[in-house]
Novice: 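My questions all concern the structure below.
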Amino acid sequence: MSIYDTLNDKQKQAVMQTEGPVLILAGAGSGKTRVLTHRVAYLIDREGVDPYRILAITFTNKAAGEMRERVDKIVGFGAEQIWVSTFHSACVRILRRYIDRIGFDTHFTIYDTDDQKGVMKEVCKKLQIDTKTLKERTILNAISSAKNELIGPADYEKQNGFDYNGSRIAKAYAEYQAVLHKNNALDFDDLIMKTVELFRADADVLNNYQERFRYIMVDEYQDTNTAQFELIRLLADKYRNLCVVGDDDQSIYKFRGANIRNILDFEKIYPEACVIKLEQNYRSTQVVLDAANAVIRNNTGRKDKALWTEKKDGSRIHLRQFDTAYEEAEYIADDVAHKVRGGIARYGECAVLYRTNAQARLLEERFIMEGVPYDVIGATNFYARREIKDVLAYLKTIDNGRDDVAVKRIINVPKRGIGISTIVRVQAYADEHQISFYDALREADQIATIGKSASKLKPFVMMMQAFRSKQEFFGLSELVKDILEVTGYVKELEESGEEDAADRIDNIDELISKVTDYEETHDEPTLSGFLEEVALVADIDRVDGDDDRVLLMTLHSAKGLEFSQVYLAGLEDGIFPGYMSIMSDDPMEIEEERRLAYVGITRAKDDLTLTCARQRMIRGETQYNPVSRFVKEIPAELMDDKPLETRRRNPVVYDEDSVEKSIFRSKPFSAGFGADAAKPKPKAVARPKRTAMENQPYIAKAAQGVGAVSITPVGTGKLDYGVGDRVRHMRYGEGTVLKIEPGPRDSQVTVVFDEAGQKIMYAGFAKLAKI
DNA sequence: CGTACTAGTCTTTTT
DNA sequence: GACTAGTACG
């Protein structure tokens with residue numbers, strides 16, 4: 001009896017087919033990770049492959065860690081020799097070694113989204129690009145897409161230079177790369193692209209890695225982009241022992257450049273490929289699978305497959321519709337508490353999944369109120385928090401003085417009386433002399449323009465120099481503590497009297513323990529090593545199953561995870577699928593959302609609850625959305641409840657024929673919607689009571705916001721449209737005015753939009769135009 | 001130069 | 001509604 005006997009036939013085949021290209025189409029819950037780990041083990045202990053020759057690429061660091069751990073258990077020895085990592089960390093590792101061959105310093109820093117935006121802001125200023133008409137974000141997105149397709153600035157110019165915006169972006173792209181190069185920095189996309197560039201430019205380096213990685217495995221292959229594909233293609237080109245694992249139905253990262261063709265066309269690129277389908281699901285009940293299959297069936301152009309399970313039974317899917325998102329949150333929190341009390345599940349076996357991070361807030365409030373322990377994943381990455389970034393900026397500056405962004409971030413944090421004008425002048429000097437910002441600071445007394453401010457710069461430079469020399473004999477955590485001490489960062493926080501100062505200090509303490517942890521787990525801890533590890537962690541990587549808490553996260557973050565009890569919240573057309581995809585004329589957008597729904601449903605092992613609300617506040621607007629079309633794709637017999645319309649609580653209010661019809665025209669999927677939507681009084685909604693400690697500041701801020709809105713007085717009589725008129729809205733397109741409700745300061749207008757559904761908005765806000 | 005307030009924007013999803 | 005960049009003031 002060997003470990004391989006526990007695998008089913010298909011899995012066994014996938015494990016033992018070690019030579020040549022292999023495509024494993026692994027449905028959700030089909031034991032994909034098991035196959036991968038067993039395959040690695042098989043390579044080592046049956047095929048005698050040196051662990052050193054194996055590369056396994058996973059999607060997150062967490063997956064990589066788990067895989068290594070599991071392989072470690074099976075093979076016992078040599079597992080640490082295997083490269084198990086994400087695309088990004090694998091590339092960093094390669095670039096740290098060889099990037100000097102394409103003109104960068106191996107001590108490069110990695111820019112996150114914030115840093116990118118800062119750079120782009122300067123680029124726009126320099127190129128005199130008006131950021132009102134062309135947003136930094138837009139440019140960066142264009143650049144990111146280009147990089148994902150391996151299109152450099154020159155090629156971009158060739159392809160897009162002929163129109164106004166295209167040429168502006170092309171120029172910004174070129175300048176942006178120049179600034180990054182000057183700062184010796186790479187952004188996330190560069191990590192992949194530069195590695196490909198390196199491999200293409202230097203045959204020796206490529207050959208070196210081709211020889212090393214005789215066996216390559218890629219997990220979540222459906223989410224690879226063109227650059228990642230090319231990287232893998234190059235690496236595998238010599239020995240062609242490439243095994244990719246994925247599920248086209250779970251491709252949900254198109255917005256990040258993922259190219260679903262990579263998996264769909266694998267057999268075209270590798271005609272000799274062996275294709276293995278894993279269709280037996282070991283995770284969910286038949287009911288859950290039936291629901292998932294019923295939904296995904298509506299997509300076109302997928303690889304044919306059908307999941308099945310031996311877990312025959314299973315409770316039906318619970319569908320619950322509520323009047324408001326508050327009630328929805330209340331129900332979920334209650335239901336979890338109920339399950340835990342009843343011994344049905346532990347907190348840690350429950351997860352609430354939603355489409356957008358913003359939905360977490362309401363749920364969170366309710367969980368606090370009910371005293372249900374929870375963890376929100378992803379909202380703000382730990383390392384993206386202000387105080388953490390500040391401390392990291394100190395470390396970056398100590399590590400690599402060429403990183404202008406980091407230096408500027410902390411030059412006046414805590415306050416040292418160094419203002420914008422001084423920074424601008426120093427930068428001018430730096431540009432003039434072709435040196436880095438930090439080097440310019442060191443020559444502060446040479447800069448004529450700054451006058452007396454030079455006296456403020458000197459202590460800063462002295463301090464940084466001192467940190468650098470301390471680095472020689474200090475441990476990392478000592479260095480961090482020293483920085484906090486010398487700069488008075490924590491002290492300033494304590495004295496600031498800011499509302500969340502305590503949280504921030506907690507975060508800093510957590511950072512210190514992460515530094516300590518890094519020192520303990522690495523043989524040769526270095527500052528660069530720590531910074532690089534930190535630059536590439538996703539929030540999901542921090543999850544450990546040990547603490548017993550309900551997890552709240554987006555559907556995207558949930559990929560690859562499984563829970564006994566799953567709640568899918570906010571299942572409303574306009575939320576999920578999001579209105580962007582509904583409005584889009586590209587049908588592929590809805591299909592991507594549907595795959596996301598498929599991912600969500602298949603996370604559930606035992607029990608699945610679907611919830612939605614009739615009324616929801618989104619970005620200050622009350623929306624009335626019909627039940628998600630995806631819910632309607634699930635056969636009613638799989639649900640435990642009667643059809644939705646019998647659960648309706650609110651009577652029909654409007655009887656105007658035309659209005660009623662227009663609702664039905666725009667909402668073919670939702671039979672009961674017209675009546676549901678007619679609830680006229682959003683004000684009647686009771687907001688949940690808040691716990692005093694947690695929410696005091698929130699209330700204060702909210703009140704401010706309302707005040708700001710009401711300052712815009714729009715007389716009711718001034719509206720040039722009335723009930724029944726057709727109007728146009730900037731974002732939602734055309735619609736029919738259903739109702740106008742005069743308020744003390746501004747009228748509330750209810751409009752049924754043809755595409756986007758019904759919205760209630762302030763007239764002064766909405767800027768509706770009669771058509 | 002720092003602060004306090006205001007106006008405008010918004011990402012849906014993340015390595 | 002919340003966050004942020006920009007502006008007017010001290």
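Every chain is numbered from 1, with letters handed out A, B, ... down the list of sequences. Just so it is clear, the values below take in all heavy atoms, side chains as well, and ignore hydrogens, waters and symmetry mates.
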Novice: Among B:dT13, B:dC10, C:dG6, which nucleotide sits nearest the side chain of A:K135?
Specialist: B:dC10
Novice: Consider only side-chain N and O atoms of A:Y221 and A:N262, and report whether a donor and an acceptor are under 3.5 Å apart.
Specialist: no
Novice: Which nucleotide sits closest to the side chain of A:R137: B:dT11, B:dT13, C:dA5?
Specialist: B:dT11
Novice: Tell me the interatomic distance from A:Q228, atom CD, to B:dT14, atom P, rounded to whole angstroms.
Specialist: 16 Å
Novice: Can you tell if the side chain of A:I411 reaches within under 4.5 Å of the side chain of A:I423, non-hydrogen atoms only?
Specialist: yes
Novice: Distance check needed: C:dA2 P versus A:Q359 CD, whole Å only.
Specialist: 15 Å
Novice: Pick base, sugar-phosphate or nothing for A:D190, based on heavy-atom distances below 4.0 Å to the nucleic acid.
Specialist: nothing
Novice: Judged by each residue's nearest nucleotide on DNA chain B, which is more toward the 5′ side, A:I423 or A:L536?
Specialist: A:I423
Novice: Testing the 3.5 Å rule here: is there a donor-acceptor pair between the side chains of A:D403 and A:Y111?
Specialist: yes
Novice: Determine whether the side chains of A:Q359 and A:T356 contain a donor N or O and an acceptor N or O closer than 3.5 Å.
Specialist: yes
Novice: Contact class for A:G417 (heavy atom, under 4.0 Å): base, sugar-phosphate, or nothing?
Specialist: sugar-phosphate
Novice: Checking contacts here: which listed nucleotide (C:dC3, C:dA5, B:dT9) is nearest the side-chain heavy atoms of A:R361?
Specialist: C:dC3
Novice: Base, sugar-phosphate, or nothing: which does A:F576 touch, judged by heavy atoms less than 4.0 Å apart?
Specialist: nothing
Novice: What is the distance, to the nearest angstrom, from the CE atom on A:M120 to the P atom on C:dT4?
Specialist: 20 Å
Novice: Under 4.0 Å between any heavy atoms, over every strand shown, what does A:K415 touch: base, sugar-phosphate, or nothing? Just pick one.
Specialist: sugar-phosphate
Novice: So which nucleotide from B:dT13, B:dT15, C:dG6 ends up closest to the side chain of A:N357?
Specialist: B:dT13
Novice: For a quick check of understanding: with a heavy-atom distance under 4.0 Å over all strands, which category does A:T113 fall into, base, sugar-phosphate or nothing?
Specialist: nothing
Novice: Are any of A:K62's side-chain N or O atoms less than 4.0 Å away from OP1 or OP2 of B:dT15?
Specialist: no
Novice: If you measure only the distance, is there a donor-acceptor pair under 3.5 Å linking the side chains of A:T611 and A:E328?
Specialist: yes
Novice: Would you mind classifying the nucleic acid contact of A:K121 as base, sugar-phosphate or nothing, using non-hydrogen atoms under 4.0 angstrom?
Specialist: sugar-phosphate
Novice: Starting at the 5' end of DNA chain B and moving along, which residue's nearest nucleotide shows up first, A:T422 or A:E589?
Specialist: A:T422
Novice: Which part of the nucleic acid, if any, lies within reach of A:L191 when heavy atoms closer than 4.0 Å are counted: base, sugar-phosphate only, or nothing?
Specialist: nothing
Novice: How long is the line joining CG of A:N148 and P of B:dT13, in whole Å?
Specialist: 18 Å
Novice: To the nearest angstrom, how far is A:R256 atom CZ from B:dT11 atom P?
Specialist: 18 Å
Novice: Parallel, tilted or perpendicular, judged at 30° and 60°: which one describes the rings of A:Y253 and A:F59?
Specialist: tilted
Novice: Give the rounded distance in Å between these two atoms: CG of A:D114 and P of C:dT4.
Specialist: 9 Å
Novice: Once you round it to whole Å, what is the distance between P of B:dT15 and CD1 of A:I252?
Specialist: 11 Å
Novice: Below 4.5 Å, heavy atoms only, C-beta onward: do A:T86 and A:L536 meet side chain to side chain?
Specialist: no
Novice: Does the ring of A:F255 lie flat against the base of B:dT13, closer than 5.5 Å centre to centre with planes under 30°?
Specialist: yes
Novice: Using a 4.0 Å heavy-atom cut-off, does A:S557 contact any base of the nucleic acid, only the sugar-phosphate backbone, or nothing at all?
Specialist: sugar-phosphate
Novice: A:I618 CD1 to C:dC3 P: how many Å, rounded?
Specialist: 15 Å
Novice: For B:dG2 and A:N412 - does any side-chain N or O of the residue sit under 4.0 Å from the phosphate oxygens OP1/OP2?
Specialist: yes
Novice: Taking only the side-chain heavy atoms of A:R619 (C-beta and beyond), determine which of B:dT14, C:dA2, B:dT11 contains the nearest atom.
Specialist: B:dT11
Novice: Base, sugar-phosphate or nothing for A:E592? Non-hydrogen atoms, less than 4.0 Å.
Specialist: nothing
